[in-house]
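Read through the structure below, which is laid out as structure tokens, and then see the notes.
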Number of protein chains: 2
Amino acid sequence: MKAVPNQSLRNESSRIDDEACRIFQHSAELAGKKWNAAILLALARGANRFSDIAHSVDRISDRLLAARLRELEQRRLVVREVIPTTPVQIRYRLSTAGEELIRILHPLVQWAERWEPRLKD
Amino acid sequence: MKAVPNQSLRNESSRIDDEACRIFQHSAELAGKKWNAAILLALARGANRFSDIAHSVDRISDRLLAARLRELEQRRLVVREVIPTTPVQIRYRLSTAGEELIRILHPLVQWAERWEPRLKD
DNA sequence: CCTTCATGCTTACTAATGGTAAGTAACGTA
DNA sequence: TACGTTACTTACCATTAGTAAGCATGAAGG
């Protein structure tokens, strides 16, 4: 279909490619990417070691947890500290941005309880 | 026994598999699944036909747009109406749940502007 | 008439991502 | 000595995403 994208009849300002919309899409997809919300929540609730998080987040695999923590660290939602004990301990915690993000997302719980009651089974 | 503090001694109720946490994860992943936020936003901003949404959401393919609209309809965030003109017109719009969802997610814009300034490039 | 275009999809194919299982180095415990 | 824990990585296959093309219907243009 998209061989010749004809939008000449369409007013350019109605396209969803301006700044706020791209930002919105980008951050929603970051927060909502599979496992991310659960990982951030686990950290918010006190888990701070790899294996704690792995136990807190139901059904996540080590491989994906490691991958997600690396991404979240790069995006600066999570801070990774190496503690030079023997053996080394690695501790993860939310950054301020991460804390604010889960606070912002909290209303989703009420939304879901209202509109998706079957989730409660 | 102190080099490695054992978190498994924490009480079971702190695990992230109880109801509110599962709901939280589930709805965050619904809202944040790739393209969903942008599609809902396009609808909120007035797009209501397939090709309008396709033009509004930058870089989405027809295939994924069709798939996502079907999912969003099943999840009751989007309503699909068939208008029996010739040829038939198909019109999509947000349900009340869908409208509330994008309202809830709106603070993400300010969050991202504050914490992810490089998105603004 | 006959070609061409728009709409709202579907089908076919490839690339990227996800899930499962197992492995690993360095230590600790029984 | 054997096994468990920690924080990962590697190997492999299944599922999903992205790209391109096809298609039925009808409208519009020459």
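A note on names: the letters A, B, ... follow the listed sequences, proteins ahead of strands, and every chain is numbered from 1. Computed from a prediction, not measured in an experiment: that's the story for all the values here.
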Treating [X] as the side-chain partner and [Y] as the backbone partner, does any N or O pair qualify as donor plus acceptor under 3.5 Å?
| X | Y | value |
| --- | --- | --- |
| B:Asn36 | B:Leu30 | yes |
| A:Gln25 | B:Trp35 | no |
| A:Arg80 | A:Arg70 | no |

Can you tell me the distance, in whole Å, between the [atom1] atom of [X] and the [atom2] atom of [N]?
| X | N | atom1 | atom2 | answer |
| --- | --- | --- | --- | --- |
| B:Glu73 | C:dG8 | CD | P | 15 Å |
| A:Gln89 | C:dA26 | CD | C1' | 14 Å |
| A:Glu29 | D:dT16 | CD | P | 17 Å |
| A:Phe50 | C:dA25 | CZ | C1' | 15 Å |
| B:Ile90 | C:dT7 | CD1 | P | 13 Å |
| B:Leu64 | D:dA20 | CG | C1' | 13 Å |
| A:Ile53 | D:dC8 | CD1 | C1' | 13 Å |
| B:Arg80 | C:dT7 | CZ | C1' | 12 Å |

Classify B:Arg70 by what it touches in the nucleic acid, base, sugar-phosphate, or nothing, heavy-atom distance under 4.0 Å.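 Counting heavy atoms under 4.0 Å across all strands, the contact made by B:Arg70 is with sugar-phosphate only.
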Any side-chain N or O of [X] below 4.0 angstrom from OP1/OP2 of [N]?
| X | N | answer |
| --- | --- | --- |
| B:Arg68 | D:dA17 | yes |
| B:Arg59 | D:dA17 | no |
| B:Tyr92 | C:dC9 | yes |
| B:Trp35 | D:dG18 | yes |
| B:Ser61 | D:dT19 | no |
| B:Lys33 | D:dT16 | no |

The helix from C:dC1-D:dG30 to C:dA30-D:dT1: angle between end helix axes, five pairs per end, rounded to 10 degrees: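 Comparing the axis at each end, I get an angle of 10°.
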Determine, using the 4.5 Å side-chain heavy-atom cutoff (strictly less than), whether A:Val82 and A:Leu43 are members of one ILVMFWY cluster.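 Yes: a chain of side-chain contacts under 4.5 Å links A:Val82 to A:Leu43.
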Between B:Val88 and B:Val79, is there a shared hydrophobic cluster once you connect ILVMFWY residues whose side-chain heavy atoms come closer than 4.5 Å?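 Different clusters: B:Val88 never reaches B:Val79 through Ile, Leu, Val, Met, Phe, Trp or Tyr contacts under 4.5 Å.
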Does some side-chain heavy atom of [Y] sit less than 4.5 Å from a side-chain heavy atom of [X]?
| X | Y | value |
| --- | --- | --- |
| A:Ile90 | A:Phe50 | no |
| A:Val57 | A:Leu65 | no |
| A:Arg76 | B:Trp115 | no |

Measure from the side-chain heavy atoms of B:Lys34 and tell me the nearest of C:dG8, D:dG18, C:dT10.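 Between C:dG8, D:dG18, C:dT10, the one nearest the side chain of B:Lys34 would be D:dG18.
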Looking at the base of C:dG8, is there any donor atom on it, or on the side chain of B:Arg49, that sits under 3.5 Å from an acceptor on the other one?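 Not at all, since no donor on one side and acceptor on the other fall under 3.5 Å apart.
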Any N/O donor-acceptor pair, A:Arg63 side-chain to D:dT9 base, under 3.5 Å: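 Per atom types, no contact qualifies.
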